[in-house]
Amino acid sequence: MKIQPVKGTRDFYPPQMAVRNFIVDGWKASSIRNGFVEYDGPIFEHLQMYQVKSGDEIVEQLFNFTDRGGRHLAIRPEITPTLARMVNKQINALPRPIKWFSVPRLCRAERPQKGRLREFFQWNIDIIGVEDVLADAEVVYCSLDYLRSVGLTSGDVVAKISSRRLLAALLKNIGIAEDKLESLYPILDKKTRIPVEAFVEMLGKEIDSTDTVQTVLKLMDVHLVDEIPDIVKLNEEAKVSLDELIQVFAYLRTMGVEDWCRFDMSIVRGLAYYTGMVFEIHDKAGDLRAVCGGGRYDNLLSDFGGPKVTATGMGMGDAVLEILLREKGLLRDDSLDIQKLDYFVACLDADLLDKAVNITAQLREKGHASNFSYKTGALKKQMKVADSMNAAKCIILGAEFKDSKQLVVKDMQTGEQELLDAESLFKS
RNA sequence: GUGGAUGUAGCUCAGUUGGUUAGAGCACUAGAUUGUGGAUCUAGGGGUCGGGGGUUCGAAUCCCCUCAUCCACCCCA
């Protein structure tokens with residue numbers, strides 16, 4: 001009976017595992033370089049946790065089950081609720097600011113398509129407890145710092161940045177009621193993904209005045225902060241949030257990544273919980289889904305029963321990133337080493353196999369990654385194996401050892417070889 | 001949940017208007033070469049042609065159903 005892998009999952013054979021490690025190791029290195037510390041939580045949580053901020057529709061989109069005690073549980077589709085739960089629990093003991101990162105494995109019961117799977121990895125960074133938009137800038141910077149570190153340039157990707165706070169102030173200013181905002185965000189978020197007519201039609205269902213719809217339309221196309229006052233008069237709240245956003249860009253300039261960043265009112269994010277800066281990083285060609293997205297969320301911790309503490313963060317999935325890196329030629333299957341050995345011990349005579357195993361064991365004890373050959377004889381074959389295992393050095397046990405306890409140590413890179421006794425080998 | 005495309009060896013794919021024992025390249029194993037790696041050549045193993053049913057003397061090929069994959073929509077934390 002043949003059993004197939006589950007829909008939307010991936011098997012990580014060694015070559016794919018090398019790719020995954022390349023991505024995850026890069027994420028972790030960037031996190032550490034930017035001063036974040038790692039955390040993780042359980043892969044399943046109470047289903048209720050995901051209903052708090054997303055409602056009952058979310059149940060359709062995640063994997064949930066009931067345990068033998070009748071508890072309704074769900075495999076985590078995101079890690080932010082877990083983060084909120086964990087931080088809340090120790091909020092008074094944790095030194096501020098909290099700069100945490102994680103690379104959780106997540107599952108969502110969606111239909112797979114390009115850049116979207118049912119099981120994936122997502123890099124998350126969050127800064128909790130810092131009001132200053134400097135923290136928002138740092139989150140954007142850290143995301144870009146990673147993308148830069150793997151070889152992408154400001155010609156490849158762009159960080160589109162906006163502000164929910166500013167957007168809310170402007171919308172209220174043109175006469176849109178506060179309680180309309182929440183249902184409006186998911187529509188505004190679609191702006192760049194759907195035809196203008198469809199967008200206008202959707203807006204029309206939420207907004208009565210066609211003039212207001214047109215104003216919103218103009219507003220969404222704004223890419224320069226100076227243009228905003230031409231469209232909408234700024235009230236006090238709008239002025240403050242605009243200054244805040246300008247300050248984000250000022251910090252990003254200080255950090256040296258202004259070329260990568262652009263103001264874009266059409267970045268809204270569908271989620272209700274964003275309260276301040278929001279951003280997404282896209283490939284410049286715009287062919288792919290967002291590489292990452294995030295922003296400031298001031299109410300999440302309190303939504304999970306904690307105190308009101310401000311936070312800002314982002315998430316980056318591995319699926320879109322991998323597609324982008326391949327498109328840009330920054331990730332090729334043959335460019336990653338699946339295995340690396342310090343030593344491969346070849347053995348020419350069955351009498352010496354015991355010694356070969358012993359030498360390998362001692363090399364391993366010294367911390368050197370080492371393999372011996374299960375087959376003795378034909379050296380050519382063993383050299384091929386040493387090569388395929390990417391061994392830095394090959395030790396050959398043959399006549400020299402029988403005659404004078406000497407090992408042939410061959411440098412696989414240069415091809416040079418020297419004679420050594422076992423003791424001096426272990427010293428190195 | 002809706003629509004489109006595609007399923008042949010581990011991978012990438014040939015396979016003529018339906019016709020005998022289903023092929024190639026790469027990969028794998030062994031040998032050419034019993035002490036020297038990335039090359040070349042030779043040989044070998046590996047397939048109920050996604051699964052089931054139907055049409056036919058005969059199906060990888062035609063029809064139906066089903067499953068899976070990919071792509072788009074819905075949704076996107």
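First the proteins, then the strands, lettered A, B, ... as listed; each starts at 1. From a predicted model like this one, the values you see are computed outputs, not experimental measurements.
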Please state whether the phosphate of [N], meaning OP1 or OP2, lies under 4.0 angstrom from any side-chain nitrogen or oxygen of [X].
X: A/K410; N: B/U36; value: no
X: A/K381; N: B/G31; value: yes
X: A/K375; N: B/A30; value: yes

On a whole-Å scale, what distance lies between the [atom1] atoms belonging to [N] and [M]?
N: B/C74; M: B/G1; atom1: C1'; value: 8 Å
N: B/U33; M: B/C41; atom1: C1'; value: 12 Å
N: B/A77; M: B/A39; atom1: P; value: 47 Å
N: B/G25; M: B/A14; atom1: C1'; value: 10 Å
N: B/G45; M: B/A30; atom1: P; value: 15 Å
N: B/G7; M: B/C63; atom1: P; value: 13 Å
N: B/G54; M: B/U17; atom1: C1'; value: 22 Å
N: B/G15; M: B/A60; atom1: C1'; value: 8 Å

For the pair made of [atom1] in [X] and [atom2] in [N], what is the distance, rounded to whole Å?
X: A/Q61; N: B/C76; atom1: CD; atom2: P; result: 7 Å
X: A/D403; N: B/G35; atom1: CG; atom2: P; result: 14 Å
X: A/K402; N: B/G35; atom1: NZ; atom2: P; result: 11 Å
X: A/K380; N: B/A32; atom1: NZ; atom2: C1'; result: 10 Å
X: A/L83; N: B/A77; atom1: CG; atom2: P; result: 17 Å
X: A/I396; N: B/U34; atom1: CD1; atom2: P; result: 16 Å
X: A/L341; N: B/G37; atom1: CG; atom2: C1'; result: 14 Å

Self-check item: Spacing of CZ belonging to A/R10 relative to CE belonging to A/M17, to within rounding of 0.5 Å
Solution: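 Here the rounded value is 10.5 Å.
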
In Å and rounded to the nearest 0.5 Å, what is the CG to CG distance from A/L171 to A/L166?
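With rounding to 0.5 Å, CG (A/L171) is 9.0 Å from CG (A/L166).
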
Mind checking if A/E60 touches a base, just sugar-phosphate, or nothing, with heavy atoms under 4.0 Å?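 Nothing: the residue A/E60, judged by heavy atoms under 4.0 Å, touches no strand.
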
>> Please classify the nucleic acid contact of A/A290 as base, sugar-phosphate, or nothing, using heavy-atom distances under 4.0 Å.
In response: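 It contacts nothing in the nucleic acid.
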
*asked:* Looking at A/E400 and B/G35, is any side-chain donor or acceptor paired with a base atom of the opposite kind under 3.5 Å?
replied: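 Looking at the base of B/G35, it does pair with a donor or acceptor on the side chain of A/E400 (distance under 3.5 Å).
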
Inset, instruction - Look at the side chain of A/Q382 against the base of B/U36 and say whether a donor-acceptor pair falls under 3.5 Å; ignore hydrogens and angles. - result: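 Absent.
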
Here RNA chain B, pairs taken as Watson-Crick or G-U under 3.5 Å and shown with ( ), [ ] when crossing and | when to another strand, reads (((((((..((((.....[...)))).(((((.......))))).....(((((..]....))))))))))))....

What nucleotide, of B/G37, B/A77, B/A30, holds the atom closest to the side chain of A/M412?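 Nearest listed nucleotide: B/G37.
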
- Options B/G37, B/G35, B/C76, nucleotide nearest the side-chain atoms of A/V408: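 Looking only at side-chain atoms, A/V408 lies closest to B/G35.
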
Mind listing the closest non-hydrogen atom pair of A/H368 and A/D342 along with its distance?
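Shortest heavy-atom contact: CA-OD2, 3.3 Å.
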
Next item on the list: Indicate the atoms forming the closest heavy-atom contact of A/V6 with A/T9, along with that distance.
Entry: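 Smallest heavy-atom distance, with atoms named: O-OG1, 2.5 Å.
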
Can you tell me which residue among A/R165, A/R164, A/R296 is in a salt bridge (charged side-chain N to carboxylate O under 4.0 Å, His left out) with A/E244?
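Single salt bridge (charged side-chain N to carboxylate O under 4.0 Å, His left out) partner of A/E244 among A/R165, A/R164, A/R296: A/R165.
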
Using residues 102-116 of chain A as the side-chain source, report each donor-acceptor pair under 3.5 Å to any protein atom, sequence neighbours left out, with the distance given to one decimal.
{"from": "A/S102", "atom 1": "OG", "to": "A/Y39", "atom 2": "O", "distance (Å)": "2.8"}
{"from": "A/R105", "atom 1": "NE", "to": "A/E119", "atom 2": "OE2", "distance (Å)": "2.7"}
{"from": "A/R105", "atom 1": "NH2", "to": "A/E119", "atom 2": "OE2", "distance (Å)": "3.4"}
{"from": "A/R108", "atom 1": "NE", "to": "A/P77", "atom 2": "O", "distance (Å)": "2.8"}
{"from": "A/R108", "atom 1": "NH2", "to": "A/P77", "atom 2": "O", "distance (Å)": "2.9"}
{"from": "A/Q113", "atom 1": "OE1", "to": "A/R289", "atom 2": "NH2", "distance (Å)": "2.9"}

(Q) When you measure from the centre of the six-membered ring of A/Y343, is the NZ or CZ of A/K393 closer than 6.0 Å and no more than 45° off the axis? (A)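 Judged by the rule (NZ or CZ under 6.0 Å from the ring centre, within 45° of its axis), A/K393 is not positioned above A/Y343.
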
B/S/- along nucleotides 68-74 of chain B (protein heavy atoms under 4.0 Å) is SS-SBBB

